[in-house]
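For reference, the structure is listed below as structure tokens.
Remember, it's 1-based here, ligands and their atoms both numbered in the order they're listed. Fair warning: this is a prediction, and the values are worked out from it, not measured in the lab.
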Amino acid sequence: MKESSPSAIYLKDYQVPNFLIDKTELTFELDEASVVVTARLHMRRNSASNDQSASLALDGGEDMKLIGVAIDNNPLASKDYQLTSQQLEIFTVPDEFVLTCETLIEPQNNTRLEGLYRSSSMFCTQCEAEGFRHITYYLDRPDVMSVFTTTIIADENKYPVMLSNGNEVERGMTEDGRTVVTWHDPFKKPAYLFALVAGDLAVQDDVFKTKSGRAVTLRIFTEQHNIDKVDYAMGALKRSMKWDEEAYGREYDLDIFMVVAVDDFNMGAMENKGLNIFNSSCLLASPETTTDDAYLRIEAIVAHEYFHNWSGNRVTCRDWFQLSLKEGFTVFRDQTFSSDMHSETVKRVEDVSFLRTAQFAEDAGPMAHPVRPASFIEISNFYTLTVYEKGAEIVRMIHTLLGEKCFRKGADLYFERHDGQAVTCDDFVTAMEDASGIDLSQFKRWYSQAGTPELVLSSEYSESSKTFTLTVQQTTQPTPGQDTKLPLHIPIKLGLISHDGKELKSTYDDCREREHVLHLKGEKTVFEFFNVESKPVPSILRGFSAPVKVEYGYSTEELLLLMSCDSDGFNRWDAGQQLAVRELKALIDQVKNSETLIESSDLVSGYKALLLNEELDPAMVALILTLPSQAYLSELEAEIDPQAIYTARDHLTKVIAKALQNEFSSVYSQNTEETVYEPNAAQIAKRALKNTALRYWVESGDVKALEALTEQFANSDNMTDQYAALAIAVEANIDKADSMLATFYDQWLHESLVVNKWLTLSACKEDRKGLEKVNELMSHPAFDIKNPNKVRAVLGGMSRSVQVFHNEDGSGYRYLADQIIYLNKRNPQLASRMCTPLTRWKKYKSILSGLMKSELIRIQKEELSKDVYEVITKSLEG
Ligand code: B3K
Ligand code: ZN
């Protein structure tokens, strides 16, 4: 560990900046050996600051060499300033001045992938959250917004494409024959939205006509060999631009919108103003190399980054504690977009399933934090599922509470009122309150209170008065640093179903409707519904109207009824999940107690009805047929025994597979049709059902299923089907799985993104040779430690495997810890992400828990980056 531990910063300590930067003029002289950056910052004291004699403290790190610094063109002597590892402090400055700062950086040695770095033969940047301070000394905070002009000087033979934010305004040559290109972005922005790209790139052009009739040039850049894979992203971009005009009245504001794909990128993509930079895995697509899931992901991420142009760029965050202001809102916007493009229910089920598995786990673990955190050591650790996904749920609840019309009025008011400003989550909620007249003061606790609320419901029905009474109690478990929890304002969408499957009307709050939104505000509230004709089965939390856990004593019959009759598609799926969870929990206990596992399942009759019903959306059927994941079941267990969960799930899969072998076989055949591949909702749905059926069919032991699988693997013309066959072979651990993996690699070794899939499947395969295999992958020619996608593929894959990762000899944990220690020095952000599987050590059965803990302690003894330090320390404390 470092001698002095990194310290936390607190939201409560927020101060406005002492200085502002009206204009930022940057010049980059690009060269492979080093890059010289000259910054001319037009600065003045901030009249809102309460320290009008403050010195000027600029953010900037050890990895820059300061060549010179001047104020109003007068060079400063070393006595005029002080350089520390984090700052350049200039003791005395006038009230208004131009600061010139020349720095030298070495992007080729930047393995952190923050600031300016190299990916393949190109230069690219990543500045959010605090990357700009690795480029030049600056006020690197989101509430300092400036108008940027960027000049790039480079050898045109090597870097024919030179890009930055805004519009290209000048192009020329230096005396020594280098090209000079100047970009100007008229919209003021914080430094985290700055971008620069230079390289020998191919481009695809298109045009989008905005609703007011302006023609916007659209340009997607990739390395030369990938330019044939951008059509889908271009289409997605145009759909997003149109949708944002229709759904939110938001038009694009510059004349050009550029997107660049890079291979080495720490996350999915980045919304830099007018110049989005994407991880190539989130942009490039072709039917032969890309699965349906990846197509949908690409569309959603293209939309997400584009939507940031308003929710994030035009209106940005005051400080990083407010991150969810832009991320939660933008995730909600991209979720709604995807749901409008495809199926609303399918999208909702997928999003909730992810939230309940991963975000709920985060909220119950040592890293639990509110959607608006109160403190952090390293902001990069707070790009979390809580800030993004739970943040989106908060916006969705506001939408539910206000209704579509008022919500849109609130969004309009927010964009209008705060255009060009850096604001807070409170400002967002205030705009929603002002536009609707609805009081959200209690609701705001959702931003400051961590943890997942748990609702316990009970009901009574009076035959004589035709009254249905529902009692709801809410509690939230303590989370690190927050022992007491206050009751939240929770919207509960509710319907009532009769025992013969009809939707019942009821009178609640003087409204006679089939569905009501209940406002739960107290710790315990009783809701009464009148004129309910017969004893109902309540359909609770329709559409998952709040990110909470629900407990209600349904009988098996009631769940089967909801699964087949509820008009709310989400709750139909959820009823199926609840039934499956019950059976799986019973099986897990049987495994733990070494009892004989029960060989029947109540799910069979329900599943059979689904498989025989040709009216239903195949995508929904596929989702309902999918058993709760290993990760979700782990989240539900009080003490996780990975092997017991795995065995129980495997057993139930086989029980269902055997009972419905014929149905799965015929559903597989019915959905196998020769069509030209398209990633549209109808085709995606059929493929999902076909491959879910194949999964069960293979587990039934029918040799014909293995033939179908082999056939599909060898002859599919699209990656969705080929990959599904391979993944089934790996999951079901069939004999041929290894040879199929080898064939797959040989077929796709030149397609890096497909090779990543191979790395993941190879690493997660439940294998006796486990760790040896993982080690081979890490030294395979296809592996590259510099590339975060490849690291995530292998280590992420390995951490999913029960037998390799959770091996009771501790070897899996030790292996991961070794990799974290290595990555900590190269790429702290990536290293910190890789810690996640170890952070929930306390929930595991004692032998595993102890082994995980000792690896955390071993990591803690190293000299750690702030990123890894924070996660490891909190995990051990929490
Ligand atoms: N805003 C970026 C995430 C930046 C992460 C920095 N560690 C992508 C997005 O959420 O759209
Ligand atoms: Zn985002």
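By the 4.5 Å heavy-atom criterion applied to side chains, Glu128 and Trp320 are counted as neighbours.
Short contacts between ligand 1 and Met270, defined as distances under 4.0 Å to a heavy atom of the residue, involve ligand atoms 1 (N), 2 (C). Atom numbering of ligand 1 starts at 1 in the shown order; those under 4.0 Å from a heavy atom of His308 are 9 (C), 10 (O), 11 (O). Those atoms of ligand 1 with a heavy atom of Gln829 less than 4.0 angstrom away are 7 (N). Distances below 4.0 Å separate heavy atoms of Glu271 from the following atoms of ligand 1: 1 (N), 2 (C), 8 (C), 9 (C), 11 (O).
A salt bridge links Lys326 to Glu271: at least one charged side-chain nitrogen sits closer than 4.0 Å to a carboxylate oxygen.
Relative ring orientation between Phe194 and Phe132 is described as perpendicular, the plane-to-plane angle rising above 60° on a 0-90° scale split at 30° and 60°. Relative ring orientation between Phe329 and Tyr248 is described as perpendicular, the plane-to-plane angle rising above 60° on a 0-90° scale split at 30° and 60°.
Taking a 4.0 Å cut-off on heavy atoms, Lys326 registers as neighbouring ligand 1.
One finds an angle of 100° at the Zn ion (ligand 2) between NE2 on His308 and OE1 on Glu327, to the nearest 10 degrees.
On a distance-only criterion, Ser380 and ligand 1 share no N/O pair closer than 3.5 Å. Between Glu327 and ligand 1, a contact under 3.5 Å exists for at least one N or O pair.
In terms of protein heavy-atom proximity, atom 8 (C) of ligand 1 is closest to Ala269 O, 2.9 Å. The nearest heavy-atom contact from the protein to atom 3 (C) of ligand 1 is Tyr388 OH, 3.5 Å.
Within the cation-pi definition used here (under 6.0 Å to the ring centroid, within 45° of the axis), Lys444 does not qualify as a partner of Tyr447. Geometrically, Arg239 engages Tyr232 in a cation-pi contact, judged by NZ or CZ lying under 6.0 Å from the ring centre and within 45° of the ring axis.
For atom 1 (N) of ligand 1, the nearest non-hydrogen atom from the set Glu128, Glu114, Arg833 comes from Glu128.
Expressed to the nearest 0.5 Å, how far CZ of Phe208 lies from CG of Leu237 amounts to 8.5 Å.
The aromatic ring centres of Phe123 and Phe28 sit 6.0 Å or more apart.
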